[in-house]
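Working notes, beginning with the structure itself.
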Amino acid sequence: MLLMSAMKLPDNFYDKIKPRLYQRVGKELRLAFRVLDLGCGACELAQYLSETYAQKVTGVDISADSFSDKRNVAKKTKRIRCIGKDAARLNFIRNEAIDAVIISWALHEMENPHAVLQEAHRVLRPGGKILVVEFPRNSLAQKLWNENYYTSKELAGFLRKAGFKDIRAKQIEHKQILWVTGFRSKN
Ligand SMILES: C[S@@+](CC[C@H](N)C(=O)[O-])C[C@H]1O[C@@H](n2cnc3c(N)ncnc32)[C@H](O)[C@@H]1O
């Protein structure tokens, strides 16, 4: 059953909150320098982070078509690169090479979320942070796109299974967004 609050929101709700969400992601990951965006889509968030926080961002998406035009931006700034690969196989990134991983509105589309999170854990440095932003089950997104989404409990369980610690899950933006963070332990 859809949440009551979801029923009253406009259909363009997610478009409207996107800039605010980017700012929030930026603040959450501001201490990181090397950021990995898995399921990056058109690499828009990567571009925002590199422009706003001067971070070095690698975007990975299984469908490379969406960001072909961003390759030029990447070449120009040298701070972002967008790669067309499966996030479940990050063998082109060495162990502990990344300070923060972001997976935004993408984990629910990934065929093997467990493998993706294990890879995220492997490439993060000890103490590095993961942020998963998702649509929750029974949200407006479900009404709009009729996809299957995880609950916060399920997502937290996925992160735990992949080895992450200090996991926190909350619902924000009228409970239409799941915001889950975790860390790779320091030892
Ligand atoms: C809804 S889009 C989200 C895009 C972007 N992160 C955003 O916040 O706007 C989900 C993306 O995940 C990508 N994706 C799905 N499975 C993937 C996988 N196994 N590895 C990498 N990307 C994947 C899709 O190609 C798609 O671009």
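Keep in mind that the numbers below use all heavy atoms, side chains included, and drop hydrogens, waters and symmetry copies.
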**OP:** Decide side-chain contact (heavy atoms from CB on, under 4.5 Å) for Y14 and S139; before the verdict, give the C-alpha distance in whole Å, the side-chain angles of both, and the deciding distance to 0.1 Å.
**Re:** CA-CA 11 Å; Y14 290 109; S139 56; 3.9 Å; yes

Original post:
Do L144 and F135 pass the side-chain contact (heavy atoms from CB on, under 4.5 Å) test, and can you show the C-alpha distance, the side-chain angles, and the key distance before you say yes or no?
Top reply: CA-CA 11 Å; L144 293 173; F135 306 109; over 6 Å; no

Original post:
Are I172 and L21 close enough, and set up right, to give a side-chain contact (heavy atoms from CB on, under 4.5 Å), and what steps lead you there?
Top reply: CA-CA 10 Å; I172 58 168; L21 220 53; 4.1 Å; yes

Original post:
When you look at W179 and V25, which way does the side-chain contact (heavy atoms from CB on, under 4.5 Å) test go after all the steps?
Top reply: CA-CA 10 Å; W179 190 269; V25 170; 3.8 Å; yes

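No donor-acceptor pair under 3.5 Å is formed between the side chain of K175 and the backbone N or O of P136. No donor-acceptor distance shorter than 3.5 angstrom exists from the side chain of R79 to the backbone of L49, with no hydrogens or angles considered.
In this structure, A169 and V180 approach most closely via the heavy-atom pair CB-CG2, 4.0 Å. The minimum heavy-atom distance linking L29 with A100 is given by the pair CD2-CB, 4.0 Å. Contact record, E154 with R137: OE1-NH2, 2.7 Å, taken as the closest heavy-atom pair. Here the shortest heavy-atom pairing between E134 and L107 reads OE2-N, 3.0 Å. Taking every heavy atom of both residues into account, L9 and Q176 meet most closely at CD1-CG, 3.4 Å. Shown here for L178 and S152, the closest heavy-atom pair between the two residues is CD2-CB, 3.3 Å.
Cluster annotation: L38 and I62 are assigned to distinct hydrophobic clusters (Ile/Leu/Val/Met/Phe/Trp/Tyr, side-chain heavy-atom contacts under 4.5 Å, transitive). Grouping the Ile, Leu, Val, Met, Phe, Trp and Tyr side chains by contacts below 4.5 angstrom, directly or via other members, places V57 apart from F33. F158 and M110 fall within the same hydrophobic cluster, defined by Ile, Leu, Val, Met, Phe, Trp and Tyr side-chain heavy atoms under 4.5 Å apart, directly or through other members. Criterion: ILVMFWY side-chain heavy atoms under 4.5 Å apart, direct or through other members. Under it, I177 and W145 are part of a common hydrophobic cluster.
Atom NZ in K129 sits 10.5 Å away from atom CD1 in I102 (nearest 0.5 Å). Atom CD in E111 sits 8.0 Å away from atom CG in D86 (nearest 0.5 Å). The distance from atom CG of L117 to atom CG of L155, rounded to the nearest 0.5 Å, is 8.5 Å. R94 contributes atom CZ, which lies 10.5 Å from atom CZ of R122 (distance to the nearest 0.5 angstrom). With rounding to the nearest 0.5 angstrom, the CD1 atom of I80 is 5.0 Å from the CD atom of Q47. Distance check: T58 OG1 to K85 NZ gives 13.0 Å after rounding to the nearest 0.5 Å.
Between Y150 and V132 there is no side-chain heavy-atom pair separated by less than 4.5 Å. Looking at heavy atoms from C-beta onward, K18 lies out of side-chain contact with Y48 at the 4.5 angstrom threshold. Counting heavy atoms from C-beta outward, K27 and Y53 have side chains that approach closer than 4.5 Å. Side-chain contact between E109 and E147 is present, with at least one heavy-atom pair separated by less than 4.5 Å. In this structure, the side chains of R20 and E173 come closer than 4.5 Å at one or more pairs of heavy atoms. Using a 4.5 Å heavy-atom cutoff, the side chains of L124 and F183 are not in contact.
With respect to I98, the side-chain contact (heavy atoms from CB on, under 4.5 Å) criterion is satisfied by exactly one of L36, L90, I130: L36. When each of R30, K56, R34, R184 is checked for a salt bridge (charged side-chain N to carboxylate O under 4.0 Å, His left out) with D99, only R34 meets the rule.
With 2.5 angstrom as the limit on SG-SG distance, C82 and C43 come in below it.
The environment of CG in N91 is crowded: more than 12 heavy-atom neighbours from other residues, nucleotides or ligands sit within 6.0 Å.
In this structure, the ring of F164 has its center less than 6.0 angstrom from the ring center of H121.
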